[in-house]
Amino acid sequence: MQYSIYFKRFHFLNTLLFILCIAGIAVQSLRQAGVDWWVIFSISGYSSVTVIFFLCVYLFAIFRSVHSFIEPDIEHPVTCLKIYKVIYCFTPTLGFLTGVCAQIGLEEELALKAIIINSAMGSFVVTMLFWVLLDPLITIMESYTPASKASRNARIEKAKAEKEKVINQRKQLLEDLAIKEKAERQEQKLLLDNSADELSDLILSGVRGSAGASHPEIINLGVKAWQLGGLKCMRLLRDMAWEKCNQKGLRPGIIDEVDYWWDGIGDWRASSL
């Protein structure tokens, strides 16, 4: 693992070489087709944005890793070898050198332009063969080895167990919170029982409109509930008061004005009509 940063750096440099070779081949092809230089520069201006974007995504996957979990070397007995990583990182360079050697073998009189084009073509062909064809094939083949299968299955089972553990912990936490909230609600009901009696009596007494909004006892009951548990306790007190009103024989025609009476106490706001 201590060599991984060097592999990434060399891979980055060789990736840039590979892109330059592709660009050189594309420019040479366009020139042979009779395209003027100003057209080539215009095309490269737009295409370079796309190339840079995908290069940044690719380099992010290499240097920062798309997945936070790194598979163990036992699952990749071939591709995790240092010699394989070296060959993989230097593939564009090896292809470039292959093109140079091929040009030297074909031509006695060396031309710089021919060397550059053939080297770029060699880098392109070798890199595509190794990165696109051979590397995925080797990765698939090594995944079917017994050791790789056993390691992958163990890793999947471990991840599944850890996930189930987290889910169970969350369920237990929710259950504990529900029990705690239920106990807290019961405690608040006991503390608000007398207040609910008082508020129900005030509702049944005929207090209406602005008289209720300025009634000191009604305001004090709302403030007490707010101090005890905020809006939740205020709603609980109102519901308990109306339950007691029903038990005491609520007269028809009485409208719930508690919402209006408590407007402005704490965070309580009256519902808009």
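A donor-acceptor pair under 3.5 Å is absent between the side-chain atoms of S148 and the main chain of T145, judged by distance alone. Between the side chain of D193 and the backbone N or O of K189 there is no donor-acceptor pair closer than 3.5 Å. For the pair S151 (side chain) and A147 (backbone), a donor-acceptor distance under 3.5 Å is absent. A donor-acceptor pair under 3.5 Å is absent between the side-chain atoms of T127 and the main chain of F124, judged by distance alone. At distances below 3.5 Å, at least one donor-acceptor pair connects side-chain atoms of W262 with backbone N or O atoms of I218. With hydrogens and angles ignored, the 3.5 Å screen pairs a side-chain donor or acceptor of T139 with a backbone N or O of D135. Not a single donor-acceptor pair under 3.5 Å links the side chain of E257 to the backbone N or O of R208. Between the side chain of Q188 and the backbone N or O of G229 there is no donor-acceptor pair closer than 3.5 Å. For the pair S123 (side chain) and P92 (backbone), a donor-acceptor distance under 3.5 Å is present. Without hydrogens or angle criteria, W131 side chain to Y88 main chain gives a donor-acceptor distance under 3.5 Å.
Counting all heavy atoms, side chain and backbone alike, K224 lies closest to L191 at NZ-O, 4.3 Å. Contact detail for R269 and G264: the closest heavy-atom pair is NH1-CA, 3.7 Å. Minimum interatomic distance between M240 and A196 (heavy atoms only, all atoms of both residues): CB-CB, 3.8 Å. Pairing each heavy atom of D256 with each of V258, the nearest pair is OD1-N, 3.1 Å. Across all their heavy atoms, A270 and Y260 have their closest contact at CB-CA, 4.1 Å. Listed here is the closest heavy atom pair of L237 and L192: CD1-O, 3.9 Å.
Taking CG from L81 and NZ from K85, the interatomic distance works out to 8.5 Å, rounded to the nearest 0.5 Å. Here the CG-CG distance, from L221 to L199, works out to 5.5 Å after rounding to the nearest 0.5 Å. In this structure, OG in S210 is found 12.0 Å from NE2 in H215, a value given to the nearest 0.5 Å. Distance check: K160 NZ to K163 NZ gives 10.0 Å after rounding to the nearest 0.5 Å. Separation of atoms CE (M234) and CD (Q227) is listed at 10.5 Å; rounding is to 0.5 Å. If you take CG on L97 and OG on S119, they are separated by 8.0 Å, rounding to the nearest 0.5 Å.
No single ILVMFWY cluster, assembled from side-chain heavy atoms under 4.5 Å apart, contains both I138 and Y144. Residues V78 and M141 do not share a hydrophobic cluster, defined by chaining ILVMFWY side chains whose heavy atoms lie under 4.5 Å apart. L94 and I83 fall within the same hydrophobic cluster, defined by Ile, Leu, Val, Met, Phe, Trp and Tyr side-chain heavy atoms under 4.5 Å apart, directly or through other members. L137 and L133 sit in two unconnected hydrophobic clusters of ILVMFWY residues. Membership requires side-chain heavy atoms under 4.5 Å apart, directly or through other members. Cluster membership check: M128 does not share its hydrophobic cluster with I117, using side-chain heavy-atom separations under 4.5 Å among Ile, Leu, Val, Met, Phe, Trp and Tyr.
The pair D259-R235 does not meet the salt-bridge criterion, since no charged nitrogen lies less than 4.0 angstrom from a carboxylate oxygen. Here K171 does not pair with D176 in a salt bridge; the nearest charged N to carboxylate O distance is not below 4.0 Å. For D201 and K248, the salt-bridge test passes: some basic side-chain N is under 4.0 Å from an acidic carboxylate O.
No donor-acceptor contact under 3.5 angstrom links the side chains of D263 and W268, judged on distance only.
Counting heavy atoms from C-beta outward, W242 and S200 have side chains that stay 4.5 Å or more apart. The closest side-chain heavy-atom distance from L236 to R185 is below 4.5 Å. Side-chain contact between V126 and F96 is absent, with no heavy-atom pair separated by less than 4.5 Å.
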**Message:** Checking Y84 against F130 for the ring pair (Phe, Tyr, Trp, His ring centres under 6.0 Å) test, could you report, in this order, the C-alpha distance in whole Å, the side-chain angles of both residues, the deciding distance, and whether it holds?
**Reply:** CA-CA 11 Å; Y84 183 90; F130 194 83; 5.7 Å; yes
**Asked** How far apart are the C-alpha atoms of E157 and E162, what are their side-chain angles, what is the distance that settles it, and do they pass the side chain to side chain contact (heavy atoms under 4.5 Å, CB included) test?
**Response** CA-CA 9 Å; E157 289 297 327; E162 290 178 353; over 6 Å; no
